[in-house]
Amino acid sequence: MRDRKVIMVSPVTRGCGQLSIQVAVERGRVVGAQVIGGLYRGWERILVGRDPADAPYLVERLCGICSAAHGTASSVMLDRVYGIEVPAKGRLLRNLMLGAEFLQNHLRHFYLLVMPDYIEPPPGLGYDSQAGGDRRFSWEANQRLVDHYWESVGIAQICHQMLALLGAKAPHAHGIVPGGATVDPGTDVLNKLASLLARVRSFMEERMLPDTSLLAAAYPDYFRIGAGPGNYLSYGGFPDPGGVPAFTPGVVRAGIGEEVDINGITEYLRHTWLDEDDVLDPYKPGAYSWVEAVRYQGEPMEVGPLARAAVGGEEVNSSVMDRIMARSRETSRIAEWMTGWLDEAAAANGPAYLQPGEITELEAVGVIEAPRGSLLHRVRVEGEKVAAYKLITPSEWNFSPRDDRGRMGVAEQSLIGIPVFDPGSPVEVGRVARSFDPCLYCATHVIGG
Ligand code: NFE
């Protein structure tokens, strides 16, 4: 067709992993989209044959930005395998480690990954403006954001220091294990954590939240760009000592909330480079991604901060800017929760860890909320070894290809209809993709067994 252009953005930079996006543009609007996960990893196969207790340490290496999330999901799953009720202090310490990772992730995402889509970068950053011709900040506002860009690097590092105080190092912390947490901190460590957290919180209140409002005020049209399917999923997360989650679990479809049923999750392979026996099939006709098409009762579901807000009972609108705002608000909320968990951990009696004993369940699932959304780990054990391991990650939900019925994934749907003013510099495509905080390292998997 005349005036039809096909644009391939590959790789989509300032995200994690190998993501490519192909869009068809007609009369300045996107009319077709394919989201392509371009890297096969095969993590589930790596785990087969191992001692199940090794899984948290191995899966932490899945990703450098959400490793505590994988360690937590795997540990929650193994708590069931070993029949352990994690002690209250162990839950609080896990929350603090995962919370520190959320803060680090969301800060980095906002300043280092998203902001360059909108600002004039400072000299020395190593790349030219990524905002194309659509730069709208005054010199002063731009300078403020650039200053905070640099400052955020140090603040994200403080978040990792918090994680390392309890997990020995970051990323790939070693403190989250089946049975609880490995470090039972004394008052000195808890005080140190409290002082680091106070610094992070003041950065959030004085910088990140106002800067989010500044961005939203400069780009109000992005409240109408990038709508997903309007379906939201959250497994719930950050349990209190009694097990009640701070993040509400549930599903919202067409504005109606309901309980989440793990058995309603299915993966489709028609457009994935895998055959029905999960063997790699890179020449498969019609396939265009290594990511499987995960659906809930047949529907694509958005996951992540906006979904958590929706499932938590907030009225939400689906757009680029709503996702960014939901993430910043959530960051501040988690930091506030962490202050409470620190106080509770200081007051908690009893151990932080119970030693796993015999295997009591041969199959188990662990579900949590990771920074990018809902994360599931599942294991089947035979002869005290992992016989099959399965991961369904947040970016698999948001960056899946079409399913067997041809229904587009969440990010694909959110690209349809967006304007592209300059096909030679399709900044709008990057802005939509990054609003989900893509991580294709985590998203590309294979079904195991
Ligand atoms: Ni690799 Fe992750 C998060 C998980 S990705 S970053 O958050 O799980 O989808």
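Just so you know, ligand 1 is whichever comes first in the structure, and atom 1 is the first atom listed for that ligand.
- The CD atom of E363 sits 9.0 Å away from the CD atom of E382 when rounded to the nearest 0.5 Å.
- Checked against a 3.5 angstrom limit, the closest N/O atoms of E396 and ligand 1 fall outside it.
- Around atom 1 (Ni) of ligand 1, the protein contributes the following N, O or S atoms at distances under 2.8 Å: C63 SG, C439 SG, C442 SG.
- A cation-pi arrangement is found for R323 relative to F436, the charged atom lying closer than 6.0 Å to the ring centre and inside a 45° cone about the ring normal.
- If you look at W397 and Y232, their ring centroids are not closer than 6.0 Å.
- Checking R108, R14, R372 one by one against D437, the salt bridge (charged side-chain N to carboxylate O under 4.0 Å, His left out) holds for a single residue, R372.
- Listed by atom number, the atoms of ligand 1 under 4.0 Å from L375 heavy atoms are 8 (O).
- Between the side chain of D277 and the backbone N or O of V279 there is no donor-acceptor pair closer than 3.5 Å.
- Of all atoms in ligand 1, numbered sequentially from 1 with element shown, those under 4.0 Å from a heavy atom of P394 are 4 (C), 5 (S), 8 (O), 9 (O).
- The ligand atoms of ligand 1 that sit less than 4.0 angstrom from a heavy atom of P371 are 7 (O).
- Side-chain N or O atoms of S67 include none that pairs as donor or acceptor with a backbone N or O of R61 at under 3.5 Å.
- Judged purely by atom type and a 3.5 angstrom limit, Y389 has no side-chain atom pairing as donor or acceptor with the backbone of P52.
- Ring centroids of F238 and W341 are separated by less than 6.0 Å, placing the two rings close together.
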